[in-house]
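Note that these values count all heavy atoms, side chains included, but never hydrogens, waters or copies made by symmetry. Predicted model, so just to flag it, every value in this text is computed and none were measured.
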Amino acid sequence: MKKILTAILALVISLPMSAQYYRGGSKIDKSNLYYGARFGLTMANTSGDIDLGTKTGMTLAGVLGIQVSSVTPMFIESGLYYTQRGGKGSFMDAKWDTNLNYLELPFLIKYGIKTNSDFALLPFVGPYFSYAFGGKTKINGEKHSSFRDGYFHHPDMGFKVGCGVEYNMVYLEGGFQIGVADISDTDESTHGNAFFVNFGVNF
């Protein structure tokens, strides 16, 4: 776990320092590249045949955004995320508490809207691809790997939709993560979903 968090932080630090950076609403129409860091919370659940309620986790990420048009403030943003998801509730007359720790790669389309000289809104949508590298599931208090036979698959994918707000270099976003891949290693079909709130900075 420590190695993964260190790698994400190193990604943020090692991004190019000589480029023309995006620095908020006042310069949304003048820049073509930004990079940043994110820290936040996820409120995740699973839906489908295995329907587990909300479980809170953490997100840590380094991101990079590139303007794709010289005439409109449209950006493609990607990065490397560490995010905790899962769910908590009852299934088959047993109490489940599932942790799923993912490395995630999103590809988001963001459009910058200046509200005044200091603030900008950035609605976004796009797919994500993730791989669960660890996690535990408790069933009636007995702990197992979340990826043993009859539990969950490692890969996941889906879509993110939300909106960010930027004031100079400070950035805040919220949105929904809608899983479309079946993450269940059983005959039941299950998808992972989450509401997320992230805070960070853009350089």
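The CG atom of Asp182 sits 6.0 Å away from the NE2 atom of His153 when rounded to the nearest 0.5 Å. Distance check: Leu172 CG to Arg38 CZ gives 10.0 Å after rounding to the nearest 0.5 Å. Separating the CG atom in Leu122 from the SG atom in Cys163 is a distance of 7.0 Å, to the nearest 0.5 Å. Taking OG1 of Thr42 as the start and CG of Asn193 as the end, the distance is 12.0 Å to the nearest 0.5 Å. To the nearest 0.5 Å, atom OH of residue Tyr151 and atom OG of residue Ser145 are 9.0 Å apart. One distance of note links CZ of Phe176 with CE of Met43; it measures 9.5 Å at 0.5 Å rounding.
Hydrophobic clustering, with ILVMFWY side chains joined whenever heavy atoms are under 4.5 angstrom apart, keeps Phe196 apart from Leu100. Linking Ile, Leu, Val, Met, Phe, Trp and Tyr residues whenever their side-chain heavy atoms come within less than 4.5 Å leaves Val197 and Val201 in two separate clusters. Criterion: ILVMFWY side-chain heavy atoms under 4.5 Å apart, direct or through other members. Under it, Ile183 and Phe91 are part of a common hydrophobic cluster. The hydrophobic clustering, which links ILVMFWY residues whose side-chain heavy atoms are closer than 4.5 Å, places Met157 and Ile50 apart. Note on Phe152 and Tyr131: separate hydrophobic clusters, where clusters join Ile, Leu, Val, Met, Phe, Trp and Tyr whose side-chain heavy atoms are under 4.5 Å apart, directly or indirectly.
Across every non-hydrogen atom of Pro106 and Gly79, the tightest pair is CD-O, 3.5 Å. Nearest approach of Phe195 to Gly175, heavy atoms of both residues: CD1-O, 3.2 Å. In terms of heavy atoms, Gly36 sits closest to Phe203 at CA-CD1, 4.3 Å. Taking every heavy atom of both residues into account, Asp51 and Ser47 meet most closely at OD1-CA, 4.1 Å.
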Discussion item. Determine whether Leu108 and Ser78 satisfy the following criterion, side-chain contact (heavy atoms from CB on, under 4.5 Å), listing intermediate values before the conclusion.
Written reply: CA-CA 6 Å; Leu108 305 177; Ser78 188; over 6 Å; no

Item to complete: Take Ile66 and Asn32 through the side-chain contact (heavy atoms from CB on, under 4.5 Å) test and state the conclusion after the steps.
Response: CA-CA 6 Å; Ile66 300 174; Asn32 54 28; 6.0 Å; no

Item to complete: Carefully, step by step, assess Val180 and Asp156 under the rule side-chain contact (heavy atoms from CB on, under 4.5 Å).
Response: CA-CA 8 Å; Val180 297; Asp156 188 18; over 6 Å; no

Item to complete: Could you please spell out the steps behind the salt bridge (Lys or Arg N to Asp or Glu O under 4.0 Å) verdict for Lys136 and Glu142?
Response: CA-CA 10 Å; Lys136 298 292 184 181; Glu142 187 175 348; over 6 Å; no

Discussion item. Pair Glu166, Asn202 - check side chain to side chain donor-acceptor pair (under 3.5 Å), show working.
Written reply: CA-CA 9 Å; Glu166 190 172 46; Asn202 287 337; 2.7 Å; yes

Item to complete: Show your reasoning for whether side chain to side chain donor-acceptor pair (under 3.5 Å) applies to Thr54 and Asn45.
Response: CA-CA 5 Å; Thr54 301; Asn45 61 61; 4.6 Å; no

Item to complete: Run the numbers on Arg85 and Glu104 for salt bridge (Lys or Arg N to Asp or Glu O under 4.0 Å), then give the verdict.
Response: CA-CA 11 Å; Arg85 302 203 299 269; Glu104 179 183 297; 3.1 Å; yes

Fill in: Candidate pair Glu77 and Tyr34, rule side chain to side chain donor-acceptor pair (under 3.5 Å), full reasoning
CA-CA 9 Å; Glu77 181 183 288; Tyr34 66 88; 2.5 Å; yes

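Counting only distance, with no hydrogens or angles, the side chain of Asp49 and the backbone of Ser189 share a donor-acceptor pair below 3.5 Å. With Gln84 contributing its side chain and Met58 its backbone, the two residues share a donor-acceptor pair below 3.5 Å. In this structure, Asn140 contributes its side chain and Ala94 its backbone to no donor-acceptor pair below 3.5 Å. The closest donor-acceptor contact from the side chain of Asn116 to the backbone of Asp118 lies under 3.5 Å.
Between Tyr111 and Pro73 the shortest side-chain heavy-atom distance falls below 4.5 Å. Under the 4.5 Å side-chain criterion, counting only non-hydrogen atoms from C-beta, Thr98 is not in contact with Thr46. Residues Phe199 and Phe39 are not in side-chain contact: their nearest non-hydrogen atoms beyond the backbone lie 4.5 Å or more apart. Using a 4.5 Å cut-off on side-chain heavy atoms (C-beta onward), Gln177 and Tyr128 make contact. Contact annotation: the side chain of Asp97 approaches that of Lys55 to within less than 4.5 Å [non-hydrogen atoms, C-beta and beyond]. Residues Val161 and Phe124 are not in side-chain contact: their nearest non-hydrogen atoms beyond the backbone lie 4.5 Å or more apart.
Aromatic ring centres of Tyr167 and Phe119: separated by under 6.0 Å.
Side chains of Glu188 and Thr186: a donor-acceptor N/O pair is present below 3.5 angstrom, by distance only.
With His154 as reference, Phe147 is the one residue of Phe129, Tyr102, Phe133, Phe147 to meet the ring pair (Phe, Tyr, Trp, His ring centres under 6.0 Å) rule. Applying the side chain to side chain donor-acceptor pair (under 3.5 Å) test between Ser146 and each of Asn101, Thr137, Asn99 identifies Thr137 as the sole match.
Both the sub-6.0 Å distance and the 45° axial angle are not jointly satisfied by Lys110 relative to the ring of Phe75.
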